[in-house]
Amino acid sequence: MRPFELVRPDTMVQAIEYLQAYPAAKVIAGGTNLLDLMKEDVEQPHILIDVTRLPLTSIVITDDGSVRIGALVKNADLAYNPDVMKGWPLISAALLAGASPQLRNMATTAGNLLQRTRCYYFYDTAAACNKRSPGQGCAAIKGHNRIHAILGSSDQCVATHPSDFCVALAALDAIVVVQGPLGERRIAFADFHRLPGDSPERDTTLDRHEIVTAVELAPSAYAVHCDYLKLRDRRSYAFALVSVAGCLEIRDGVIVSARIALGGVAHKPWRDNRAEQSLIGKAPGKDAFAAAASILLSEAKPLRDNAFKIELSQRAIVHALMRAAAGSLHKLPLELGNRPLQ
């Protein structure tokens with residue numbers, strides 16, 4: 001790891017001033033991703049701005065029943081928060097499906113949103129990677145690409161976003177609150193992460209001098225009928241090959257609204273409004289869910305090694321929605337959120 005200077009602002013104003021003064025600076029909190037990248041020489045910041053002194057550690061239920069989650073709330077604290085477990089159980093399930101207990105005790109809300117891809121070519125500084133070094137090319141396109149994207153990729157990058165938490169936030173239409181030199185800005189979650197296009201080095205729409213301060217969730221209609229399903233190579237700590245956040249609002253045996261978000265398949269959590277709309281007015285069932293999955297995956301473009309992700313995603317969507325319809329997540333302890341397929 002290269003030498004660096006650590007600064008610790010006491011206010012948000014100071015933190016933003018540091019970002020403005022030092023273009024190569026990086027913000028750090030839990031450090032569960034950034035420090036790994038620094039050890040591998042992928043990130044080489046000369047200055048780290050430690051924001052852990054800022055007052056961003058609260059989980060607040062507002063008067064209208066929304067929740068505001070501070071950027072520095074630890075993943076473990078959020079997952080086991082009673083209000084979150086009751087009103088937004090999808091969030092708890094996704095967090096508990098991600099990482100290890102040790103990492104969840106350190107990782108933060110904002111850090112989870114901002115974590116970078118786990119593409120092995122991105123981590124290998126000897127390999128060509130447009131995300132790490134624009135203009136180098138993408139070694140994954142013709143290389144070993146089993147874990148890579150089947151949706152939304154470009155000829156510049158086929159990396160996937162690694163977060164479980166973000167898949168759940170995408171399904172629940174979260175809002176990301178950020179602070180910068182011009183004040184506060186609120187970003188719809190669907191607009192926060194970017195597809196690679198011609199500039200895969202940019203993961204988000206966050207401006208250079210902005211800092212994430214909170215995530216907000218409106219009262220959820222999906223507290224009962226939701227499920228998070230994560231499929232991976234091993235049951236212990238591993239990133240998703242495919243994950244699904246499925247949400248249904250059911251009245252009188254009919255679906256009145258639905259949300260489906262996929263992880264492990266694109267540069268950002270993947271949703272398709274057409275698939276969700278196709279379920280409205282239908283009775284919950286395998287046929288309706290399979291048809292929605294086909295719509296969602298209709299534009300999938302597999303690489304040499306990952307065509308299996310299409311069928312895996314199709315099956316995962318159906319299974320997650322069947323579990324959501326049955327309210328299985330609502331009935332079981334969250335520790336069983338990673339339960340095997342059955």
Side-chain angles (χ1 to χ4, degrees), residues 59 61 64-67 69 75 78-98 164-174 189 217-232 235 240 242-264 269-273 275-296 312-342:
I59 302 171
I61 305 298
D64 68 353
S66 299
V67 62
I69 304 162
N75 286 181
L78 181 58
Y80 289 111
N81 179 272
D83 291 320
V84 173
M85 293 170 71
K86 179 180 179 181
W88 299 269
L90 186 68
I91 296 297
S92 295
L95 285 167
L96 293 174
D164 293 288
F165 182 35
C166 288
V167 180
L169 291 175
L172 295 175
D173 294 309
F189 201 81
L217 290 165
S220 176
Y222 308 113
V224 174
H225 295 292
C226 65
D227 197 86
Y228 188 76
L229 176 64
K230 179 177 182 177
L231 303 179
R232 47 194 167 179
R235 183 165 168 76
V242 171
S243 61
V244 184
C247 304
L248 301 170
E249 184 180 4
I250 302 172
R251 297 180 194 164
D252 300 323
V254 173
I255 299 168
V256 297
S257 68
R259 299 289 185 271
I260 309 167
L262 283 183
W270 191 264
R271 280 181 59 184
D272 189 327
N273 183 255
E276 297 167 356
Q277 290 295 315
S278 75
L279 291 172
I280 296 177
K282 305 283 182 62
K286 288 186 178 180
D287 290 344
F289 297 153
S294 294
I295 294 171
L296 197 150
L312 187 65
S313 299
Q314 176 91 20
R315 291 171 177 261
I317 291 167
V318 173
H319 197 82
L321 291 176
M322 289 296 292
R323 296 201 316 193
S328 60
L329 180 62
H330 183 69
K331 298 172 185 176
L332 290 172
L334 281 175
E335 288 79 359
L336 300 180
N338 278 336
R339 58 200 183 280
L341 298 180
Q342 48 187 322

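- Note that CE of M322 is 14.5 Å distant from CD1 of I317, once rounded to the nearest 0.5 Å.
- Taken to the nearest 0.5 Å, the CG atom of D164 stands 5.5 Å off from the OG atom of S243.
- Of all non-hydrogen atoms in A170 and P269, the two that sit nearest each other are CB-CB, 3.7 Å.
- Put simply, the side chain of Y222 does not reach to within 4.5 Å of the side chain of P89, judged on heavy atoms.
- Checking each of E249, R251, E276, Q277 against S257 for a side-chain contact (heavy atoms from CB on, under 4.5 Å) leaves exactly one that passes, namely E249.
- Annotation: side chain of L321 is in contact with side chain of L279 (closest heavy-atom distance under 4.5 Å).
- No side-chain heavy atom of I69 sits under 4.5 Å from any side-chain heavy atom of N81.
- Closest non-hydrogen pair, R232 versus A240, comes out as CB-CA, 4.5 Å.
- Annotation: salt bridge (charged side-chain N to carboxylate O under 4.0 Å, His left out) contacts involving residues 253-263, sequence neighbours excluded, comprise D173-R259.
- In terms of heavy-atom proximity, A283 sits nearest to A288 at O-CB, 4.0 Å.
- Note that CD1 of I255 and CD1 of I250 are 6.0 Å apart. Values are rounded to the nearest 0.5 Å.
- Remark: I295 engages R274, A275, S278 in a side-chain contact (heavy atoms from CB on, under 4.5 Å) (not counting sequence neighbours).
- The shortest side-chain heavy-atom distance between L262 and V244 falls under the 4.5 Å cut-off.
- At a threshold of 4.5 Å between non-hydrogen side-chain atoms, the residues Y228 and L96 do not count as touching.
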Evaluation steps, side-chain contact (heavy atoms from CB on, under 4.5 Å), between I91 and L217: CA-CA 10 Å; I91 296 297; L217 290 165; 3.9 Å; yes
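- Between C166 and F189 there is a side-chain heavy-atom pair separated by less than 4.5 Å.
- A distance of 15.0 Å separates CZ in R323 from NE2 in H225, rounded to the nearest 0.5 Å.
- Put simply, the side chain of W88 gets close to the backbone of A218: a donor and an acceptor are under 3.5 Å apart.
- Of all heavy-atom pairs spanning D227 and A320, the tightest one is CB-O, 3.5 Å.
- Smallest separation of non-hydrogen atoms from G253 and P284: O-CD, 3.3 Å.
- The CG atom of L90 lies 8.5 Å from the CG atom of L169; values are rounded to the nearest 0.5 Å.
- Here the closest non-hydrogen pair linking I260 and R271 is O-CG, 3.0 Å.
- Rounding to the nearest 0.5 Å places OH of Y80 at 11.5 Å from CG of N75.
- Residues L312 and L231 meet the side-chain proximity criterion, which asks for heavy atoms closer than 4.5 Å.
- Looking only at side-chain heavy atoms (C-beta outward), V84 and L95 stay at 4.5 Å or farther from each other.
- Annotation for D64: atom CG counts as buried by contact number, over 12 foreign heavy atoms lying within 6.0 Å.
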